Protein chains: 2
Amino acid sequence: MNQDRQTKKTTIYDLAELAGTSASAVSAVLNGNWRKRRISVQLADKITKIAEEQGYALNMQASLLRRDRSKIIGMIVPKYDNRYFGSIVESFENMARERGLFPIITCTRRDPELEVEAARTMLSYQVEWLISTGATDPDRITDICNAAGAHSLNLDLPGAKAVSVISDNFGGARELTRRVLLSYQRKFGSTSPLLFVGGRGSDHNTIERVRGFRAAHEDLGIAVDERHVLTCGYAPEKAESSLAALAASEGELPRGMFVNSTISLEGVMRWIKTSHHYDNRTPVIGCFDWDPFAALLGGDIEMVRQDVQGMLDAVFEIIDTGSSANKVIQIAPVFMSA
Amino acid sequence: MNQDRQTKKTTIYDLAELAGTSASAVSAVLNGNWRKRRISVQLADKITKIAEEQGYALNMQASLLRRDRSKIIGMIVPKYDNRYFGSIVESFENMARERGLFPIITCTRRDPELEVEAARTMLSYQVEWLISTGATDPDRITDICNAAGAHSLNLDLPGAKAVSVISDNFGGARELTRRVLLSYQRKFGSTSPLLFVGGRGSDHNTIERVRGFRAAHEDLGIAVDERHVLTCGYAPEKAESSLAALAASEGELPRGMFVNSTISLEGVMRWIKTSHHYDNRTPVIGCFDWDPFAALLGGDIEMVRQDVQGMLDAVFEIIDTGSSANKVIQIAPVFMSA
DNA sequence: CAACATTGCTCAATCGATGAAGCAACAATT
DNA sequence: AATTGTTGCTTCATCGATTGAGCAATGTTG
């Protein structure tokens, strides 16, 4: 394998020698502004041909060192384990490439130290922008970016020191809760407060969603049961053990739920299946997030899909224009009819 | 926002001036080999302190240009829309970082042109290794890497020109098919050939899985129905319309299925739900891939989980040692009990 | 035909970090 | 006192691409 790899890479100097010309001319031809530099078409063709024959590849490090803009744009993302972050990353890459930017993405597993380390590394690579997606400490990253002369932006979770593009968590949660409460009423003929499961009590999105959850209850004149707000973290296992604990201490759990992410929903559904707590008592569920399989699970699951395209449109508008009037841009999520 | 960003970035020359020393000393201190270069502890401390105060960040482009190794490792990946690729990417990042390598990943959406363009771009960034995951034309990428003096490796789908680490598709499919056939027999008291749905007839994995599918049928003395091998592509919509077409032309479809990926399964489940074809006739299904929600769908879904950790262990063993005896390394997938 | 413009290129400095080579200053050894 | 060794730095060339300045060789104009 790989036995025919060259030891040394071809540079513009090698090409210049082969073409009997100067490195300067080669550079001009290969980076496209040879017209401006008055290189003849003949020489340009010759150089292009030789470059292709030699399999020449630009050394971006050398090029970037000399140029003023790197055109590199970084993103940190917590996980790759759900559709939401997956489609954020995929769209981000496409939109960056469309603009001639080179995207680099790093997964930081909700680890504050890793986030900072990743940010520093990206800055070493001269990123012009750094998008912190769902970061645990976005302001720290903004500070680091500012110190290094790079732009920064928060996505999904807001920070105080940079523009933030987030879902309308309050509005979305309020509407989702309202729908589940009404569906409950329609189905079971009575009203009842819902169970809230998943997310961290300290994170902005969860706080806002709980607020929307409460607002919807209040709208319909239903009192929230405080013991039933389980902000136990996002991991499936957390949701699972949290439900198990509550069921152990309370007996029967409500037949209506607000689940704070598909990740938590994973644990909820697993618990429902293994505990048999809801056998023959199928609950109505609202989930703040969307997954194609979860949508097919049957029963009564209503999902809100965060508007990834809308959020990234907002992100790139800021990047394209260089600034934004608002500090926090809220994008309304989309309701999927199950 | 961002009003306090500096115009110029701090360099080692700035630090040298502030510390009243030379850039060379600053460089030695900051990259850690100041002991070897006989810099005094006092000066090292002083420089470190000033660097921190100034928020100095190394210019990786300049550093890389000078150094022999870039320690950058690239991966191209088809999509971020399922657990398989998601966990490949996440593990890849972790394992690369553990080794002091800088991972860059690009999603190429199964587009051959994008794959090539992405490979070229990564080579410009001086990647030492390029891992082609599920690439449509891995050999082309290997050629490009060879020409540029970079190592390459195939993951998930094999190529002829570089070492390939893939799942044992034949073995896995054979065992999965066997299980589904037996489950069919147990459940319905008779035997019947299964339906094969999803994947591309031209890709290696699909070919091997169809081969395993046939072998398992043969093992049990069941004849495969050739019209029931639907290698219609991976996209959910393809699976959906393919099933609809078959049902339209054939009437009742078999109650046993082999689905070639969770992506295709998404279409299959949607069709089952919307068409009502299988209402009160729940089929037994085997899926070559795993998804937590799909696993909870109920009914009889058996899933094989590809051994991502095992595959990446093999990948990094090659990277660590620099070579491999085998051209194709097959990793057995793991059977999940539903 | 002199003066000037245009064409088609080359030269050389530059980006920031790195490290081999070298050089003072002082210490240790003969 | 002369030699050798050690410490603690600095100088400078270098990596490969870019670009302003400059320079011959032509072409054009009055």
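Order of the sequence lines fixes the chain letters, A, B, ..., with proteins taken first and strands second; residue numbering starts at 1 for each chain. In this text, all values refer to a predicted model and were calculated from it rather than measured experimentally.
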| said: Name the residue from A:I76, A:I329, A:V77, A:V315 that meets the side chain to side chain contact (heavy atoms under 4.5 Å, CB included) definition with A:L155. | reply: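 Only one option passes, and that is A:V315.
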
Which of B:L312, B:D313, B:N154, B:I318 passes side chain to side chain contact (heavy atoms under 4.5 Å, CB included) with B:V165? It is B:I318

Are [X] and [N] close enough that a side-chain N or O sits under 4.0 Å from OP1 or OP2?
{"X": "B:N33", "N": "C:dG19", "answer": "yes"}
{"X": "A:N31", "N": "D:dA17", "answer": "no"}
{"X": "A:S63", "N": "D:dT18", "answer": "yes"}
{"X": "A:Y56", "N": "D:dA17", "answer": "yes"}
{"X": "B:S40", "N": "D:dC9", "answer": "yes"}

Could you state the [atom1]-[atom2] distance from [X] to [N], rounded to the nearest angstrom?
{"X": "A:N59", "N": "D:dG16", "atom1": "CG", "atom2": "C1'", "answer": "6 Å"}
{"X": "B:Q126", "N": "D:dG16", "atom1": "CD", "atom2": "P", "answer": "9 Å"}
{"X": "A:M60", "N": "D:dT18", "atom1": "CE", "atom2": "C1'", "answer": "14 Å"}
{"X": "A:E17", "N": "D:dG16", "atom1": "CD", "atom2": "P", "answer": "14 Å"}
{"X": "B:D14", "N": "C:dC15", "atom1": "CG", "atom2": "C1'", "answer": "13 Å"}
{"X": "B:R37", "N": "C:dG22", "atom1": "CZ", "atom2": "C1'", "answer": "12 Å"}
{"X": "B:L123", "N": "D:dG16", "atom1": "CG", "atom2": "P", "answer": "16 Å"}
{"X": "A:R67", "N": "D:dG16", "atom1": "CZ", "atom2": "C1'", "answer": "13 Å"}

Among [options], which is the nearest nucleotide to the side chain of [X]?
{"X": "B:A62", "options": "C:dA17, C:dG19, C:dG8", "value": "C:dA17"}
{"X": "A:S24", "options": "D:dA17, C:dT10, C:dA20", "value": "C:dT10"}
{"X": "B:R38", "options": "D:dG8, D:dT10, C:dT14", "value": "D:dG8"}
{"X": "A:I12", "options": "D:dG8, D:dT19, D:dT18", "value": "D:dT18"}
{"X": "A:I39", "options": "C:dC9, C:dG19, D:dA17", "value": "C:dC9"}

Hey, does [X] reach any base, or is it just sugar-phosphate, or nothing, if we go heavy atoms under 4.0 Å?
{"X": "B:L43", "value": "sugar-phosphate"}
{"X": "A:L58", "value": "sugar-phosphate"}
{"X": "B:T11", "value": "sugar-phosphate"}

Looking at A:R66 and C:dG16, is any side-chain donor or acceptor paired with a base atom of the opposite kind under 3.5 Å?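 It does not, because no donor-acceptor pair links the side chain of A:R66 to the base of C:dG16 below 3.5 Å.
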
Practice item. Using the six-membered ring of A:Y234, assess whether NZ or CZ of A:R200 lies under 6.0 Å from its centre and within 45 degrees of the ring axis. Key: no

Closest to the 5' end of DNA chain C, once A:Y13 and A:S22 are matched to their nearest nucleotides, is A:S22

A:M122 versus A:I104, closest heavy-atom pair with distance:
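Answer, listing the atom of A:M122 first, then A:I104: CE-O, 3.5 Å.
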
Shortest non-hydrogen pair, A:Y80 vs B:G86, comes out as CB-O, 3.7 Å

Report task. Decide whether A:R120 and A:S124 meet the rule of one side-chain donor and one side-chain acceptor closer than 3.5 Å. Result ->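 Absent: no donor and acceptor within the cut-off.
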
- [ ] Map B:L65 and B:T21 onto DNA chain D by nearest heavy atom, then report which one ends up closer to the 5' terminus.
- [x]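 Result of the comparison: B:T21.
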
